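Working notes, beginning with the structure itself.
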There are 2 protein chains.
Amino acid sequence: MARRPTTFDPFNAIAEPRRRRILNFLRRGERSVGDVVRATHFGQPQVSKHLGVLRKVGLVAVRGSGRRRLYRLNARGLKPVHQWVSAFERFWNESFDRLDACLKELQQQEKKNEP
Amino acid sequence: MARRPTTFDPFNAIAEPRRRRILNFLRRGERSVGDVVRATHFGQPQVSKHLGVLRKVGLVAVRGSGRRRLYRLNARGLKPVHQWVSAFERFWNESFDRLDACLKELQQQEKKNEP
DNA sequence: TGAACATATACCGATATGGGAATATGTCAA
DNA sequence: TTGACATATTCCCATATCGGTATATGTTCA
């Protein structure tokens, strides 16, 4: 097996920076492909393809409106990512605390060595 | 440019399911490569390689201890991911609310149509 | 119907991946 | 020093990606 396809799950889909930018933009509401193109300055085919990936993993939904297609965010698809990452929140807080403690100790030592 | 290397940033690094499992396991504390191999049943070279990726993006740190190498979680590296995803939290809550509202309305309508 | 517009798809090339097996490096212990 | 152990690295292959360009599909309007 090679690297998993980008459509394998939300984790793979959001690994691409441009797709994250598109998702960010779609927080403003339903937008057409052209809107995304103008906002991001990415090529139109690229935008279509990225939106296709996002749709396949359920991070956006589409709706036809005349000759345009309106994409909207489906943020719930990010829930698994949020859940997984959140399980680590307390760890980086902890390590921050530990680092902080270490730094303070070092400062104490330096004070002792100075005078 | 092709797909970004897995070592490009934490987003790419955690796209691989096995790497997420390894990170999960490392929440228990500092562990040797062999520990990870036994816990995950992944091949030893694979574990070494995955740990290498995680180290390059700063999600784990290593320390030599005799003939073993002890890896420990550096959860702070996940902060960017958490921050980015958290910006969408209110959206999935919102859409959930909206969905909820719709469902309730439907139920109301059904009640009206029944009697 | 035909032209203009909006979007999707096909094709190409360079690149990196991840698993597996074999092997190299490094370290301890007798 | 030699052998056993722990880990890292190399090589191979099948696979998918992403950007770019060109083109196809689909829709509206005159």
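Below, chain A is the first sequence line, B the second, and so on; all start at residue 1. Predicted model, so just to flag it, every value in this text is computed and none were measured.
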Could you state the atom-to-atom distance from NZ of B:K49 to P of C:dA24 in whole Å? 16 Å
If the cut-off is 4.0 Å, is A:R67 near the phosphate of C:dA4, judged by side-chain N/O to OP1 or OP2? no
Length of the line joining B:R20:CZ and C:dG18:C1', which is rounded to integer Å: 15 Å
Atom NZ of B:K56 and atom P of D:dA8 are separated, to the nearest Å, by 12 Å
Within the pair A:T6 and D:dA16, is there a side-chain N or O less than 4.0 Å away from OP1 or OP2? no
Looking at the side chain of B:R3, which of D:dA8, C:dA8, D:dC18 is the nearest nucleotide? D:dC18
Judged by each residue's nearest nucleotide on DNA chain D, which is more toward the 5′ side, B:A2 or B:S48? B:S48
Short side-chain N/O contact to C:dA8 OP1/OP2 from A:Y71, under 4.0 Å: yes
Should the side chain of A:Q46 and the base of D:dG20 be counted as holding a donor-acceptor pair, with the cut-off at 3.5 Å? yes
Please classify the nucleic acid contact of A:G43 as base, sugar-phosphate, or nothing, using heavy-atom distances under 4.0 Å. nothing
Separation of D:dT15 atom C1' from A:F8 atom CZ, nearest Å, is 15 Å
According to a strict under-4.0 Å criterion, is A:R18 in side-chain N/O contact with OP1 or OP2 of D:dG19? yes
With a 3.5 Å distance limit and no angle check, can you tell me whether A:N74 reaches the backbone of A:A61 through a side-chain donor-acceptor pair? no
With a 4.0 Å limit, can you tell me whether B:R69 has a side-chain N or O closer than that to the phosphate oxygens OP1/OP2 of D:dA6? no
Does C:dG18 have OP1 or OP2 sitting under 4.0 Å from an N or O in the side chain of B:R19? yes
B:E16 has a side chain; which of D:dA14, D:dA16, C:dG19 sits nearest to it? C:dG19
Please state how far atom CZ in A:R63 lies from atom P in C:dA6, giving the value in whole angstrom units. 17 Å
Taking for each residue the nucleotide of DNA chain C with the nearest heavy atom, is it A:P45 or A:R68 whose nucleotide lies nearer the 5' end? A:R68
What is the distance, to the nearest angstrom, from the CG atom on B:L70 to the P atom on C:dT27? 14 Å
Backbone N/O of B:T7 and side chain of B:N12: donor-acceptor pair under 3.5 Å: no
Separation of atom CG in B:L54 from atom P in C:dT17, rounded to whole Å: 13 Å
For B:R19 and B:A13, indicate whether the former's side chain and the latter's backbone hold a donor-acceptor pair under 3.5 Å. yes
Do B:S48 and B:L51 come within less than 4.5 Å of each other through their side chains, counting heavy atoms only? no
Which of these, B:L23, B:V81, B:L59, sits in a side-chain contact (heavy atoms from CB on, under 4.5 Å) with A:F88? B:L23
Please report, rounded to the nearest Å, how far the P atom of C:dT7 is from the CD1 atom of A:I22. 13 Å
Donor-acceptor pair (no angle test) under 3.5 Å: B:Q44 side chain, D:dA8 base: yes
Should the pair A:W84 and A:F11 be assigned to parallel (<30°), tilted (30 to 60°) or perpendicular (>60°) ring geometry? perpendicular
For A:R4 and for A:R38, find the nucleotide of DNA chain C with the closest heavy atom, then tell me which residue's nucleotide is more 5'. A:R38
Would you say A:H50 reaches D:dG19's phosphate, i.e. side-chain N/O to OP1/OP2 under 4.0 Å? yes
